[in-house]
Amino acid sequence: MRILSGLLLAPTLAAALLLVCTPTNAAHPGGGSAYDGTWSVAIYTLRGDCGSVRVAAQIVGGRVYSKDQSYQANGVVGANGVIRVSVASGRLSASGSGRLSHDSGAGRWRSSTGECSGTWSASRRAGYY
């Protein structure tokens with residue numbers, strides 16, 4: 001598992017990670033989003049040697065953040081659950097997209113250089129935050 005070498009980035013793609021909407025479409029009235037909360041994201045490598053990893057992502061107001069300081073995640077979830085995210089750790093980066101439902105989600109990711117790609121799945125953790 002080469003997490004630091006190549007895939008701590010893909011996580012939040014996953015993360016994740018993942019959006020086609022703009023931030024103004026993403027949040028529901030009142031600043032919240034139906035997808036706000038802590039999500040557990042499993043990143044699977046299907047092509048390349050980037051390993052697989054499970055990470056936590058936080059969604060607040062429809063925006064995606066990393067829960068771990070070893071990588072940075074940026075993304076947005078639209079009101080329809082469509083998500084797009086980018087993840088970076090040092091010189092490594094990846095992006096992903098997919099869809100969330102009320103308590104789960106799935107999608108695809110790809111490293112910025114194209115050497116690795118795969119899928120991700122997510123589940124909402126118990127408790128709102």
Side-chain angles (χ1 to χ4, degrees):
M1 188 187 281
R2 289 179 26 182
I3 294 174
L4 295 178
S5 301
L7 201 61
L8 236 179
L9 307 169
T12 307
L13 305 136
L17 121 239
L18 316 320
L19 163 87
V20 179
C21 299
T22 63
T24 53
N25 307 358
H28 286 124
S33 161
Y35 307 100
D36 285 1
T38 301
W39 292 76
S40 177
V41 183
I43 312 299
Y44 307 101
T45 297
L46 300 178
R47 194 183 109 241
D49 186 25
C50 290
S52 297
V53 66
R54 181 173 293 276
V55 298
Q58 185 77 36
I59 299 175
V60 179
R63 298 197 54 85
V64 180
Y65 300 94
S66 55
K67 293 278 290 181
D68 183 331
Q69 298 301 319
S70 67
Y71 65 93
Q72 290 186 332
N74 294 296
V76 185
V77 182
N80 61 357
V82 172
I83 183 170
R84 187 169 306 248
V85 71
S86 62
V87 182
S89 177
R91 293 181 293 138
L92 303 173
S93 63
S95 61
S97 62
R99 182 176 297 273
L100 298 177
S101 67
H102 175 68
D103 58 3
S104 64
R108 304 187 69 73
W109 68 269
R110 178 183 166 107
S111 64
S112 60
T113 59
E115 81 277 9
C116 294
S117 62
T119 62
W120 60 267
S121 63
S123 58
R124 190 189 305 249
R125 290 189 176 169
Y128 189 68
Y129 281 112

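One distance of note links CG of Asn74 with OG of Ser95; it measures 12.0 Å at 0.5 Å rounding. Put simply, CZ on Arg124 and CG on Asp36 are 8.0 Å apart, with the number rounded to the nearest 0.5 Å. We find the CD1-SG distance between Ile43 and Cys116 to be 12.5 Å, quoted to the nearest 0.5 Å. Separating the CD1 atom in Ile59 from the OH atom in Tyr35 is a distance of 9.5 Å, to the nearest 0.5 Å. To the nearest 0.5 angstrom, Ser52 atom OG is 15.0 Å from Trp120 atom CH2.
Of all heavy-atom pairs between Gly61 and Ser33, the closest is C-CB, 4.0 Å. The two atoms that bring Ser89 and Ser70 nearest to each other are OG-O, 3.0 Å, heavy atoms only. Taking every heavy atom of both residues into account, Ser66 and Gln72 meet most closely at OG-CA, 3.8 Å. Closest heavy-atom contact between Asn80 and Arg99: O-NH1, 2.7 Å. Taking all atoms of both residues into account, the shortest heavy-atom contact from Arg108 to Thr119 is NH1-CG2, 3.6 Å. Contact between Asp103 and Trp39 at its shortest, heavy atoms only, is C-CZ3, 3.7 Å.
Judged as a side chain to side chain donor-acceptor pair (under 3.5 Å), and not counting sequence neighbours, the contacts of Ser40 are Arg54. The side chain to side chain contact (heavy atoms under 4.5 Å, CB included) check on Ser104 picks up Ser101, with sequence neighbours excluded. Residues forming a side chain to side chain contact (heavy atoms under 4.5 Å, CB included) with Ser121 (at least two apart in sequence, or on another chain): Ala42, Tyr44. Not counting sequence neighbours, the partners of Ser117 by the side chain to side chain donor-acceptor pair (under 3.5 Å) test are Arg47. Every side chain to side chain contact (heavy atoms under 4.5 Å, CB included) that Ser112 has, sequence neighbours left out, goes to Ser93.
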Could you walk me through whether Val87 and Trp109 pass the side chain to side chain contact (heavy atoms under 4.5 Å, CB included) test, one step at a time? CA-CA 10 Å; Val87 182; Trp109 68 269; over 6 Å; no

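In this structure, Leu100 and Val77 have side chains that are in contact, with non-hydrogen atoms separated by less than 4.5 Å.
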